[in-house]
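Every chain is numbered from 1, with letters handed out A, B, ... down the list of sequences.
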Amino acid sequence: MKIRKSRRESENSSWSSMSDIAFLLIIFFMISSAFMFREGINLVLPDSTKSVTMKSSDLFFIKLKKDSSIEVEKKKIEITMLEERLKEFISIVEDGAVIIQVEAEAEYSGVIDIIDSVKSSGAHKLSIKMI
Amino acid sequence: MADIAFLLLIFFMLSAIVDMEKEIPLQLPESGIMESQAGGALSIWVTSKGEIFYDNKSDTLENLAGYAGYRIAVNPETKALIIADRNVHYSRINSVMETLRSAELYNITLVSRKKGGG
């Protein structure tokens with residue numbers, strides 16, 4: 001009598017702990033699938049029907065060449081210096097626009113580097129043009 | 001109760017595995033600015049060879065225009081993720097962006113890895 005009772009008890013307890021583990025795993029998988037975030041740089045592409053005219057003094061041109069070198073006003077510049085230059089430009093022309101001219105064969109990572117410095121410099125008008 | 005729990009467990013495990021299969025090995029570019037974008041967006045993968053994948057298959061830009069147009073018609077708020085290799089030529093990304101623009105999909109995210117982080 002005693003032996004049978006204890007056996008039943010042990011069966012019950014093993015099943016309830018099993019479902020505890022199962023629910024724990026369910027919660028883990030639910031949360032991990034809900035947090036499938038992608039991180040990156042958000043851009044809003046321009047509407048092709050609208051065009052904006054700006055004074056040339058309000059524009060800052062950055063040229064990215066296919067060998068990944070960057071030119072500002074026809075002078076080579078390091079990517080680390082770019083953000084400072086942009087900050088200077090934004091402090092003078094608050095509403096200025098940055099135009100990135102990219103050579104078709106330039107690497108994509110170079111473009112991301114430039115967009116990154118433009119965004120962190122505080123400029124919010126940005127245009128990317130392929131040349 | 002435990003039966004239901006195991007059923008759900010198997011469901012979520014399988015869905016996690018299916019999600020994993022979509023990944024294409026890429027070297028993402030790095031950036032300091034990170035803005036997060038929740039799932040449910042149209043993901044476009046561009047490999048270092050310039051091949052374009054979306055909706056789990058390799059396809060051409062012409063078909064992408066049609067598919068993006070369809071997604072915009074279903075939900076005008078659709079966003080696109082461009083998940084591209086860092087070594088791909090910019091012209092390829094430009095044509096993807098132009099295609100999306102022609103389909104009136106204007107909200108895009110250039111997916112990147114956090115600079116310095118793992």
Practice task
Might you confirm whether atom NZ of A:K63 has over 12 heavy atoms from other residues, nucleotides or ligands at distances under 6.0 Å?
Solution key: no

Handout entry: Positive for side chain to side chain contact (heavy atoms under 4.5 Å, CB included) with B:Y90, one of A:M130, A:E105, A:E107, A:E103
Key = A:M130

Handout entry: Rounded distance (nearest 0.5 Å) linking atom OH of A:Y108 with atom OG of B:S48
Key = 13.5 Å

Handout entry: Proximal component of B:I10, with respect to chain A [non-hydrogen, under 4.5 Å]
Key = neither

Completion exercise
Looking only at B:N107, B:V88, B:I83, the option with the highest number of non-hydrogen pairs under 4.5 Å against chain A is B:V88

Problem - Enclosure of A:E84 CD (heavy-atom neighbours >12, cutoff 6.0 Å) - result: no

Handout entry: Hydrophobic cluster identity match, A:L24 and B:M13, side-chain contacts under 4.5 Å
Key = no

Problem - Distance, nearest 0.5 Å, that separates CD1 of A:I21 from CZ of B:F6 - result: 7.5 Å

Exercise for the section: Please state whether the side chain, the backbone, both or neither of B:N87 comes within less than 4.5 Å of a heavy atom of chain A. Expected result: both

Practice task
Tell me, for B:D3 versus chain A, whether the close heavy atoms (under 4.5 Å) come from the side chain, the backbone, both or neither.
Solution key: neither

Fill in the blank from the handout: From the list A:I128, A:I27, A:D113, the residue making the most non-hydrogen contacts under 4.5 Å with chain B is A:I128

Completion exercise
Output for pair (B:I108 CD1, A:I41 CD1), nearest 0.5 Å, gives 10.0 Å

Exercise for the section: Could you tell me whether the side chain of A:I112 reaches within less than 4.5 Å of the side chain of B:L110, counting heavy atoms only? Expected result: yes

Problem - Residue B:I93 versus chain A: region with a heavy atom under 4.5 Å - result: side chain

Fill in the blank from the handout: In this structure, CG of B:L9 is separated from CD1 of A:I26 (nearest 0.5 Å) by 5.5 Å

Problem - Cluster overlap A:F28 with B:L7, hydrophobic side-chain contacts below 4.5 Å - result: no

